[in-house]
Q: 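A single structure is presented below for examination.
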Amino acid sequence: MKTLQLDLGDRGYPIYIGSDLLDCGALYAKHVRGRQVVLVSDSTVSALYGRRVAGALSDFQPVSITFAAGESSKTLDTYARLADELIDRRCDRGVTLVALGGGVVGDITGFLAATYHRGVDFIQVPTSLLAQVDSSVGGKTGVNRPGGKNLLGAFYQPRCVLADTGALRTLPRRELVAGVAEVIKYGLIADVEFLSWVEQHIDALLAGDDSALQHAVYHSCRIKADVVAADEREAGRRALLNLGHTFGHAIEAATGYSEWLHGEAVGLGMVMAAQLSCRMGKLDGDSVHRIVSLIERAGLPVRLPASIGTADLLRLMAGDKKVLDGRQRLVVLDAVGQGVVVEGVSQGLLSEVIDGCREGN
Ligand code: NAD
Ligand code: GLY
């Protein structure tokens, strides 16, 4: 097992990475301060791992609460149902919530922990690659609204993150590939050496090789922990973690959040961000080619289908959470391994970039 520390003073916490951590009762117990534990999971993950984790927590006689798997559960309704369960079971301020699942479980359980009795402890036990490399670390929690993703939420840090790469064995391949998009993102924004490692080990990652996965999770979390420690509330540097996300969120929204997985949309979004960087004179053609071929080798989409209109994407991008005082902010690359936030990119240039990434171009 390897351990990283997210350095946030008295809100800092360890990130444990290894295989077969789900059963390590002592690891959870170190971070449970009271006597009540509630295990929150989705239907799929609960069926696969709920019993094992409940067994590891048996000293606390945990209660398990489950909701239907999928992004469509990330709502205020689910949040209210979970909160009512805690109230009905007379959970007090000493309760610790354990979020066992992908990013949906982690985000909604974190939001519940942030608000239940004005804040209770929670532990992240991410089981998807995306959750292990991204959503479980850094304290962004929340739920979706019909008007957009993650529009209600809070920054609220867990007591620890326990990432068991052994759990990824059951993850559907499409979900694994979507998680690889975020792994590539870290290399692109902050660490060219790590990006080269990903290029050399992409086949092992996609084959589910445990040692490659542990390496990828460790270095992704290392980069994310550094960024979050420097800028917890996204006043500046943390925005770099959104490389490809402004394009990606617009693609997800344009397709009703039902066709594209988040990581797939981010994969194509990073292709668009690379093309934009090139058109802004920041990145050369060889670097763009390098980025696009890695994203393609990962099995992620690199072309925009004709069914998604440019005007729709531009409109949706204008509603992004990174828009500040009416100014759109985008993450581009000064070089491979060096992300930067820019403002004032013209709609004309964005439109050219989007059209340049269309199928057939
Ligand atoms: P998810 O939680 O919906 O999980 C994807 C699917 O995989 C689900 O059906 C789930 O049941 C299943 N699954 C999870 N682990 C499994 C396993 N080990 N074996 C078999 N099936 C498994 O989605 P996700 O991709 O993990 O996360 C996406 C969510 O994360 C989005 O809501 C996104 O907004 C959020 N997110 C949050 C942050 C953050 O910083 N908080 C960052 C990125 C994404
Ligand atoms: N996933 C972006 C962030 O945590 O800031």
Side-chain angles (χ1 to χ4, degrees), residues 6 22 40-50 52-53 66-75 78 99-111 114 124-144 148-158 161 163-182 185-186 189 208 213 220-221 223-225 227-246 248-249 252-253 257-258 260-266 321-322 331 339:
L6 205 167
L22 288 183
V40 184
S41 195
D42 73 25
S43 44
T44 303
V45 178
S46 169
L48 287 165
Y49 301 110
R52 261 175 79 184
V53 175
T66 301
F67 58 83
E71 188 71 32
S72 58
S73 285
K74 202 172 141 183
T75 61
T78 309
L100 171 68
V104 168
V105 172
D107 280 13
I108 199 164
T109 308
F111 189 44
Q124 288 272 21
V125 188
T127 60
S128 67
L129 182 60
L130 184 135
Q132 294 192 353
V133 299
D134 190 357
S135 62
S136 63
V137 173
K140 282 189 181 176
T141 73
V143 295
N144 303 328
K149 274 189 62 158
N150 303 325
L151 291 183
L152 293 181
F155 285 100
Y156 194 71
Q157 303 294 343
V161 178
D164 184 337
T165 50
L168 302 177
R169 272 179 227 130
T170 53
L171 192 67
R173 184 178 170 90
R174 191 175 165 202
E175 299 287 350
L176 186 77
V177 167
V180 168
E182 301 286 357
K185 172 192 81 177
Y186 291 112
I189 59 168
L213 286 167
S220 299
C221 290
I223 295 166
K224 180 154 186 183
V227 171
V228 172
D231 177 26
E232 183 185 6
R233 295 203 160 226
E234 203 167 307
R237 187 168 159 68
R238 185 165 180 168
L240 294 182
L241 298 174
N242 293 315
L243 177 71
H245 283 56
T246 303
H249 282 154
E252 284 182 272
Y257 299 104
S258 56
W260 292 60
L261 295 180
H262 175 73
E264 293 169 341
V266 167
K321 276 204 294 313
K322 283 182 296 306
V331 185

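All residue numbers in this chain count up from 1 along the given sequence. Every heavy atom of this structure was used, including side-chain atoms; hydrogens, water molecules and symmetry mates were not. In each ligand, atom 1 is the first atom listed, and ligand 1 is the first ligand listed.
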Q: Among all residues two or more places apart in sequence or in another chain, which pass the side chain to side chain contact (heavy atoms under 4.5 Å, CB included) test with Asp164?
A: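 By the side chain to side chain contact (heavy atoms under 4.5 Å, CB included) rule, Asp164 matches Ser19, Leu21, Leu22, Arg52.
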Q: Do any N or O atoms from the side chain of Lys224 and from the backbone of Val137 form a donor-acceptor pair under 3.5 angstrom?
A: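 Between the backbone of Val137 and the side chain of Lys224 there is a qualifying donor-acceptor contact (under 3.5 Å).
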Q: Strictly distance-based, threshold 3.5 Å: is any side-chain N or O of Lys74 a donor or acceptor partner for the main-chain N or O of Ile108?
A: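 Not confirmed, Lys74 side chain does not pair with Ile108 backbone.
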Q: Is the side chain of Glu232 donor-acceptor paired with the backbone N or O of Gly138 at a distance under 3.5 Å, no angle test?
A: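 Side chain of Glu232 to backbone of Gly138: no pair is present.
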Q: When you measure from the side chain of Ser73 to the backbone N and O of Ala68, does any donor-acceptor pair fall under 3.5 Å?
A: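 Yes, the answer is positive, given that a donor and an acceptor are paired below the 3.5 Å cut-off.
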Q: Could you check atom 4 (O) of ligand 2 against the protein and tell me its nearest heavy-atom contact, residue, atom and distance included?
A: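 So the nearest neighbour among protein heavy atoms is Lys224 NZ, 2.6 Å.
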Q: Side chain to side chain donor-acceptor pair (under 3.5 Å), that's the test. Do Thr170 and Tyr49 meet it? Break it down for me.
A: CA-CA 10 Å; Thr170 53; Tyr49 301 110; 2.6 Å; yes
Q: Between ligand 2 and Lys140, is the shortest N or O to N or O distance under 3.5 Å?
A: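 It does: an N or O of Lys140 is found under 3.5 Å from an N or O of ligand 2.
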Q: Atoms of ligand 2 less than 4.0 Å from Leu241 heavy atoms?
A: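 Within the 4.0 Å cut-off of Leu241, ligand 2 contributes 2 (C), 3 (C), 5 (O).
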Q: As a test of reading the model: which residues have a non-hydrogen atom less than 4.0 Å away from ligand 1?
A: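 If the criterion is a heavy atom under 4.0 Å, then ligand 1 touches Asp42, Thr44, Val45, Leu48, Tyr49, Ala69, Glu71, Lys74, Gly102, Gly103, Val104, Asp107, Thr127, Ser128, Leu130, Asp134, Ser135, Lys140, Lys149, Asn150, Ala167, Thr170, Leu171, Pro172, Glu175, Lys224.
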Q: Do any N or O atoms from the side chain of Thr141 and from the backbone of Ala154 form a donor-acceptor pair under 3.5 angstrom?
A: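 Flag set: sc Thr141 to bb Ala154 pair under 3.5 Å.
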Q: Which residue supplies the protein heavy atom nearest to atom 1 (N) of ligand 2, what is that atom called, and how far is it?
A: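 In this structure, atom 1 (N) of ligand 2 has Asp134 OD1, 3.1 Å as its nearest protein heavy atom.
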Q: Could you go through the side chain to side chain donor-acceptor pair (under 3.5 Å) check for Ser46 and Ser43 one step at a time?
A: CA-CA 5 Å; Ser46 169; Ser43 44; over 6 Å; no
